[in-house]
Undergrad: 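What follows is a structure written as structure tokens; I'll ask about it next.
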Amino acid sequence: MIRSVALVLVFGMACSRSGSGTSEFTTQQMWAIGNMQRPKQQGNTVVFQNDRGVARVAFVNENVVRVRYLPNGEKEHLRSFAVVDQKNAPVSPRVTTGSSSTEIQSSALRVIVHHEPFRVEFFDHKGRSLDTDDPSRGVFHVGHQSKVWKRLLPDEHIYGFGEKSGPLDKRGMQLGGASYTMWNSDTPGYDGSTDPLYISVPFFMVMREGRSHGIFLDNTYRTHFDIGKEQPDLLSMSIGGGELDYYFIQGPEPKKVTERYTELTGRMQLPPMWALGFHQCRYSYYPEAKLRAIADNFRKRNIPADTLWLDIHYLQDYKPFTWDTKRFPDPAKLIADLRKQNFRVVSIIDAHPKKEVGYHVYDQGIAGGHFVTNKDGSIYEAPVWPSMAENSPADSVFPDFSSSKTRDWWGSLYKPLLDIGIAGIWNDMNEPAVFNTATGTFALDVQHKNDGRPTDHREIHNVYGMLMTQATHSGLKQLRPEMRPLVLSRASFAGGQRYAAVWPGDNQSSWNALRQSIPMHMGLGLSGFAFVGSDVGGFMGAPTSELFTRWLQSAVFSPFFRAHTTFGTPDQEPWSYGKDHEALNRAAIEMRYRFLPHIYNEMRLASQTGIPALRPLFMEFPLDEQSWRNSELSMFGDSLLLAPVLWPGVNTREVYLPEGTWFDLQSTTTYEGAQTHTLQVTLKSIPIFVREGAFIFTKDQVQFSDALADKALRVDIFPANDSSKEYYEDDALSMAYKAGDYLLRRFSQHRDKEHIDIKIEKIEGEFQPKTRQLILQIHGLQGSPKTVQINGKILDKKNGKSFSVESNGTLTLPLKDSLESKEIKIQL
Ligand code: GLC
């Protein structure tokens, strides 16, 4: 009895933190999952049943187990918004049922299900226990809510949950723990303690002694996770409704966990190259003369940039799919002119058409039954930006993105924007955000059609933004099938990486927010959202010149790279902080452009594997204890370690380098790893270290990404006995790569005392890059080599043209780039 009272409190606390109130729990009966009878096997699923509900355990593949618990009276989870169709058929596990437990086993995992009471425990193939339900609690159910408690070991580190503030390791400092709610929320000016934020990803990774597994809770209702905060040795997950449905994902490498999680929920699409360039935004550039002046400034000042963004002031009274023709009298001409200057334009489309008869989106939406309704069937109306318009302010209505018919309709509305050359779409306010209400969002009883399975907002809220981006993404693909779409979204849910890049909303212009952006990007990345980047300089408030420069420098390898600020703040362009800072800011953006081939290559890998380009140290060095809690350093790909300066007024920066030899990216100075180095830094410093054996792909400086194609490809090769790297290219823009129009090559090296052998081999694809040079820069020689051979032919070193060796030991070898394989032998 005492125990069950304690549990009511624990349960109630979790639920009240997630905003549902506790009263429900005192009046409703709470029950434990209880004892189960011997299971039945139905296909690949093992089914347990008692008079309270049904539990099912199934192997999705060798490494992924799905566990479901459906209490009587709850809605079965029949369709997942997050999980995509799996390529491989589910495996049939070996099932052995004894008197008190059932063992379910694949080649990689063993699950033991205890019958009395029902508890699940996961083991790896070596018999190590990876995860288990807490023996005394297990699963409880009250009202519509269910909760499972799991063991949390003192040396387990917890990562992920997508867009969450706080340190990378959610165990916190001194195992203080953390608790997180999944409920998409518009949180302007949030700080390190704000939760929830805009995106919900109920996925986390557990790492212990360098070995990892993951858990994905596939439930779109408000969910809550407690990581050792309630009680240091317990991790709990609770759901606000529906079926308790989670996937256990085996690693043991952390990269494998994310790879398998994204096999389940899908991966980011390969973006066009321009989307990886520099983006300039503000709330808002208007009238059109202002936008033109911004474009002119970039080109006049030789600061590279690809994209300018139109925020809500281009719209007539903030109405999606309109133009304010006073501010922008001829959008088609404006966009065509900017295109001539090699700019692309992205425009914002929010989720809230204005309620206004005669406005085409409202009229069509009413006629087609596309808007969400109240319980009584009337259309739900609420204030968002159109309620703040200068002329005839009014409430908004909201598309029901849970209906595929509505998504198709919404997708088709982009046609006029694409017809005049808009390059990408920015979806905002899609948590969905609503003004002047206590909750900041729809009433919970707002009705959604949900493709024939009507439900209320409690189930759809967290996927509303993702479904909006699905509508946008497929609209763009249908309207312009040959082009890769760029969609940026503020709200999303697990799996939303399939449709849109994301940015973590309205951050502050503060050093804290800059520092916070690093673990947040890594947390999103390892949770599937690999295409991410925060507003450079911060959105709310105004950065000092130093903060703006440091932010820009820290974002040189941010997958999405956009400066943005709110309404009414001072100018926040790279030239807004005086000549000295303009030079520093230019240098940072120039660096981005030189490294675009490398960035593109890593982003393509992310689109293939789900492993984020921007990743925590522990993903590369899982056995290095120093990497487990590091929130300040990150890796870009497998070979660049980023150590941006994140504090004002400093002239040193401490950097921990994991084991191995490292090279300063800019000077190729050598550093030994497994120790912390103190670097001297100036305002110019962008500390980045190259891992031994790395291949780094760059091109000469350009002002916009379309100019890269015919530039020489430079490959810097850093010493290691053996290493290799694949390099990918295509037209950087279209969908032709899907039909084989790409080129994948492998660069590899082998070094010993007497030789350096380098091979370049074609692996796949027929893409023919433009005629250009391939310049190999082979680092780490000691003196001039005796001979250099290419495909068996000795180069004449006397005429000095064929290769050169600098005093720092770098051999430069310019070649004509061609698809033929090359073998370079350097005799030392
Ligand atoms: C929201 C967005 C912000 C945008 C503003 C106006 O606050 O997060 O990026 O500038 O709305 O559209």
Side-chain angles (χ1 to χ4, degrees), residues 269 271-292 294-295 298 305-353 360-361 385 399 407 409-430 468-490 499-501 503 531 560 562 564 704-706 732-735:
Q269 312 268 310
M273 183 76 86
W274 62 266
L276 299 174
F278 182 65
H279 302 263
Q280 182 66 47
C281 187
R282 86 156 291 133
Y283 169 20
S284 307
Y285 288 129
Y286 71 93
E288 75 155 65
K290 178 73 192 175
L291 199 67
R292 288 180 186 274
I294 296 290
F298 273 106
D306 266 272
T307 312
L308 304 177
W309 289 59
L310 287 173
D311 205 331
I312 53 175
H313 286 89
Y314 84 91
L315 301 164
Q316 181 69 53
D317 307 326
Y318 307 139
K319 289 184 295 195
F321 305 106
T322 64
W323 284 88
D324 181 322
T325 48
K326 275 209 193 87
R327 292 170 179 159
F328 293 87
D330 191 350
K333 179 159 188 328
L334 170 71
I335 287 157
D337 289 350
L338 291 171
R339 193 70 206 102
K340 284 186 204 135
Q341 290 177 282
N342 295 293
F343 282 104
R344 289 184 162 83
V345 178
V346 173
S347 63
I348 197 167
I349 290 292
D350 289 345
H352 50 59
H360 70 292
V361 180
W385 290 127
R407 288 200 299 273
W409 166 66
W410 189 262
S412 74
L413 293 172
Y414 290 104
K415 185 166 189 312
L417 286 170
L418 300 200
D419 284 348
I420 60 163
I422 287 288
I425 296 295
W426 174 18
N427 284 161
D428 191 19
M429 307 302 277
N430 49 355
M468 180 190 195
T469 62
Q470 184 182 356
T472 304
H473 179 87
S474 58
L476 263 52
K477 275 184 87 163
Q478 270 177 33
L479 293 163
R480 214 161 42 190
E482 72 287 2
M483 295 307 232
R484 298 176 211 170
L486 173 69
V487 181
L488 179 75
S489 183
R490 195 170 70 175
Y499 312 117
W503 95 104
F531 198 8
F560 179 64
R562 185 185 73 157
H564 183 37
F704 49 89
S705 64
D706 286 350
L733 194 63
S734 82
M735 299 302 288

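The analysis underlying the following values was restricted to heavy atoms, covering all of them including side chains, and did not include hydrogens, waters or symmetry mates.
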Undergrad: Are the side chains of Leu733 and Met483 in contact, using a 4.5 Å heavy-atom criterion?
TA: yes
Undergrad: Salt bridge or not for Asp706 and Arg344, using N-O below 4.0 Å?
TA: yes
Undergrad: What about Tyr414 and Phe321, are their ring centers closer than 6.0 Å?
TA: yes
Undergrad: Do the side-chain N and O atoms of Gln280 and Tyr285 include a donor-acceptor pair separated by under 3.5 angstrom?
TA: yes
Undergrad: Got a sec, which residues hit ring-ring contact (aromatic ring centres under 6.0 Å, His included) with Tyr314, two or more places apart in sequence or on another chain?
TA: Trp323
Undergrad: List the atom of Arg282, the atom of His564, and the distance in Å for their closest heavy-atom pair.
TA: CA-ND1, 3.4 Å
Undergrad: If you apply the rule side chain to side chain contact (heavy atoms under 4.5 Å, CB included), what do you find for Trp409 with Val361, and how did you get there?
TA: CA-CA 10 Å; Trp409 166 66; Val361 180; 3.9 Å; yes
Undergrad: For Val346 and Ile422: C-alpha separation, side-chain torsions, deciding distance, then whether side chain to side chain contact (heavy atoms under 4.5 Å, CB included) applies.
TA: CA-CA 6 Å; Val346 173; Ile422 287 288; 5.8 Å; no
Undergrad: Less than 6.0 angstrom separating the ring centers of His352 and Tyr318, yes or no?
TA: no
Undergrad: Distance check, rounded to the nearest 0.5 Å: Leu334 atom CG versus Arg339 atom CZ?
TA: 13.0 Å
Undergrad: So that I can tick it off, tell me whether Arg327 and Asp324 are bridged by a salt bridge, with the cut-off set at under 4.0 angstrom between side-chain N and carboxylate O.
TA: yes
Undergrad: Within the side chain of Thr322, is there an N or O that forms a donor-acceptor pair under 3.5 Å with the backbone of Gln316?
TA: yes
Undergrad: Which residues satisfy the salt bridge (Lys or Arg N to Asp or Glu O under 4.0 Å) test with Arg480, sequence neighbours excluded?
TA: none
Undergrad: Run the numbers on Tyr286 and Leu291 for side chain to side chain contact (heavy atoms under 4.5 Å, CB included), then give the verdict.
TA: CA-CA 6 Å; Tyr286 71 93; Leu291 199 67; over 6 Å; no
Undergrad: Taking atom types as modelled, find out whether Thr472 and Asn427 have a side-chain donor-acceptor pair closer than 3.5 angstrom.
TA: yes
Undergrad: Using salt bridge (Lys or Arg N to Asp or Glu O under 4.0 Å) as the criterion, list what pairs up with Arg490, not counting sequence neighbours.
TA: Asp186, Asp428, Glu431, Asp506
Undergrad: Please walk me through it: do Phe328 and Leu310 pass side chain to side chain contact (heavy atoms under 4.5 Å, CB included)?
TA: CA-CA 11 Å; Phe328 293 87; Leu310 287 173; 3.8 Å; yes
Undergrad: Please determine, by modelled atom types, if Trp309 and His279 share a side-chain donor-acceptor pair under 3.5 angstrom.
TA: yes
